[in-house]
2 protein chains.
Amino acid sequence: MTSHQPRKSAQQGRAKATMAAIVEAAARLLETQGGARLTTNHVAELAGVSIGTLYQYYPNKEAVIAAVLRREKAALLAGFEDIIARGLGPKSTIDALIDATLAHQYTRPRLALALEYIEPELGLLVEDHARDRRLVALVAQVVIEVAPDADARAAQDLVAICRAITNTAAMSGETDPTAIAPRLHRAVSGYLGLHA
Amino acid sequence: MTSHQPRKSAQQGRAKATMAAIVEAAARLLETQGGARLTTNHVAELAGVSIGTLYQYYPNKEAVIAAVLRREKAALLAGFEDIIARGLGPKSTIDALIDATLAHQYTRPRLALALEYIEPELGLLVEDHARDRRLVALVAQVVIEVAPDADARAAQDLVAICRAITNTAAMSGETDPTAIAPRLHRAVSGYLGLHA
DNA sequence: CAAAGATGTGAGTAAATGCTCAGGTTCTCA
DNA sequence: TGAGAACCTGAGCATTTACTCACATCTTTG
């Protein structure tokens, strides 16, 4: 049973920087070459550390990729929590969540795509799925205020819809988020039945 | 420059069956183990042919996977064309297209998922993207009748939406297409602004 | 400062994997 | 029926790749 957790945690600042460099190198390789061609030796080289150092912190290749995934998902989740903490009205909150999703996805579009495609091959841990559910739960909590018959499935659908439109747009070469935002808002309010 | 086209075409029936067996074996491995763990030796073994035979027809591993992808996409496209040929009204046609998409995706959900995730790593040929555009164009052609301001992007969004909802549902363990269909219809008519 | 611990190195290994090739078997057709 | 074409075989090569380990260097702490 191979775990995808880091092998040990860095104690000195130097080691923290090393781990971060490894994760960032993996991210860069993911967005330039995709997951199939990513090798641990390559990651170490790009990170400027030896292969031995990589394996000191990450027990296997999947753990490195999982670390990238967690870094990105944690950032998105944090953004969501920030927005909700602002305590805007439900409609404004939903709008903000959509924009945050779009911004997050478009900051590094090729990375977001690669991660999306690699995730199901990764056999993630329970805690990772828990984070996903938490994100969906956050959305559900807001959505229910404007559409009382919405449930967790509806929230899941909405997240999936936003990601799909954004990814497809990015993949087909659209480079302007401004052109995508209205489509996301339309899709969401359409799904929820919020006419005008 | 590696091509993903078959190396040569089968002339005898026996060879046609061999090629089909290889493609089906690859499909089975895709849905049971995902793309990362699929090896050509494994495909040949499961197909009941020797590795040499596999490479007689497919120049490399990607060509085998691309063949699976083409088989599935061709089936979906054919279904779409059938529906449109029926000449129903635009609203009924759209409903039928949605149901066809759902059925196609749920016939072998894990295969559909794996293919979706492997496609961008595959560097497909021009002709393959042409098929995608044709499918989108078919949708656009119908959609424009009920929503005159819709364009190819809208059609692309709609296809993406349907796939995303279905995939996410399948991935989160939903096994009942009946529960998914209404959500697809709602998402589509919501996006198009058709609130009955 | 000196010891102990934390961190980093990189050549090397075992295994997996894509793919070839020399030669066999089955089919077609005059 | 026999010769050529189409089809199939599978041992094995060359390469790639995940990962280890014995050792070196840096950092902290008593």
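Here is how names work: the chains are called A, B, and so on, in the same order as the sequence lines, proteins then strands, and each is numbered from 1. Atom set for the values below is all heavy atoms of this structure, side chains included, hydrogens, waters and symmetry mates excluded.
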Enumerate the salt bridge (charged side-chain N to carboxylate O under 4.0 Å, His left out) contacts for residues 29-53 of chain B, please, sequence neighbours excluded, ordered by first and then second residue. B/Glu31-B/Arg108
Can you tell if the side chain of B/Glu116 reaches within under 4.5 Å of the side chain of B/Gln105, non-hydrogen atoms only? yes
Using whole Å, report how far CD of A/Gln11 lies from C1' of C/dA6. 7 Å
Grab the CZ-P distance between A/Arg7 and C/dG8 for me, whole Å please. 15 Å
Using distance alone, with no hydrogens and no angle criterion, decide if B/Asn41 and B/Thr39 have a side-chain donor and acceptor under 3.5 Å apart. no
Do B/His185 and B/Asp99 get their side chains close enough for a donor-acceptor pair, meaning under 3.5 Å? yes
Check the distance between C/dT17's C1' and B/Ile65's CD1 and give it to me in whole angstrom. 13 Å
Is it the case that more than 12 heavy atoms not belonging to A/Arg7 sit under 6.0 Å from its CZ atom? yes
Taking only the side-chain nitrogens and oxygens of A/Thr53, find out if one of them lies under 4.0 Å from OP1 or OP2 of C/dG8. no
Specify the separation, in whole Å, of atom CG of B/Asn60 and atom P of C/dC19. 5 Å
State whether the number of non-hydrogen atoms from other residues, nucleotides or ligands found under 6.0 Å of A/His42 atom NE2 is greater than 12. no
How many whole angstroms separate atom NZ of A/Lys61 from atom P of C/dA16? 15 Å
Heteroatom pairs (N/O) under 3.5 angstrom, protein to nucleotides 23-30 of chain C:
none

Please tabulate, for the side chains in residues 149-157 of chain A, all donor-acceptor contacts under 3.5 angstrom to protein atoms that are two or more places apart in sequence or on a different chain.
unit_1: A/Asp151; atom_1: OD1; unit_2: A/Arg153; atom_2: N; d: 3.4
unit_1: A/Asp151; atom_1: OD1; unit_2: A/Ala154; atom_2: N; d: 3.0
unit_1: A/Arg153; atom_1: NE; unit_2: B/Glu174; atom_2: OE2; d: 3.4
unit_1: A/Asp157; atom_1: OD1; unit_2: B/Arg183; atom_2: NH2; d: 3.1
unit_1: A/Asp157; atom_1: OD2; unit_2: A/Tyr191; atom_2: OH; d: 2.5
unit_1: A/Asp157; atom_1: OD2; unit_2: B/Arg183; atom_2: NE; d: 2.7
unit_1: A/Asp157; atom_1: OD2; unit_2: B/Arg183; atom_2: NH2; d: 3.4

For B/Arg71, does the CZ atom sit with more than 12 other heavy atoms under 6.0 Å from it, leaving out its own atoms? yes
Do the non-hydrogen side-chain atoms of A/Asp128 and A/Glu119 ever get within less than 4.5 Å of each other? no
Got a sec, which hydrophobics cluster with B/Leu69, joining ILVMFWY side chains under 4.5 Å apart, including via others? B/Met19, B/Ile22, B/Val23, B/Leu29, B/Leu30, B/Leu38, B/Val43, B/Leu46, B/Val49, B/Ile51, B/Leu54, B/Tyr55, B/Tyr57, B/Tyr58, B/Val64, B/Ile65, B/Val68, B/Leu111, B/Leu115, B/Ile118, B/Leu122, B/Leu124
Nucleotide range of DNA chain D lying under 4.0 Å from chain B heavy atoms: D/dA6 to D/dA11
Could you list by number each residue of residues 16-49 of chain B showing a heavy-atom separation from DNA chain D of less than 4.0 Å, or answer none if no residue does? B/Thr18, B/Val49
Looking at B/Tyr55, does any N or O in its side chain come under 4.0 Å of the phosphate oxygens OP1/OP2 on C/dT20? no
Of B/Tyr57 and A/Ile51, whose nearest nucleotide on DNA chain D comes first from the 5' end? B/Tyr57
Can you confirm whether A/Glu127 sits close enough to A/His4 that some side-chain heavy atom of one is under 4.5 Å from a side-chain heavy atom of the other? no
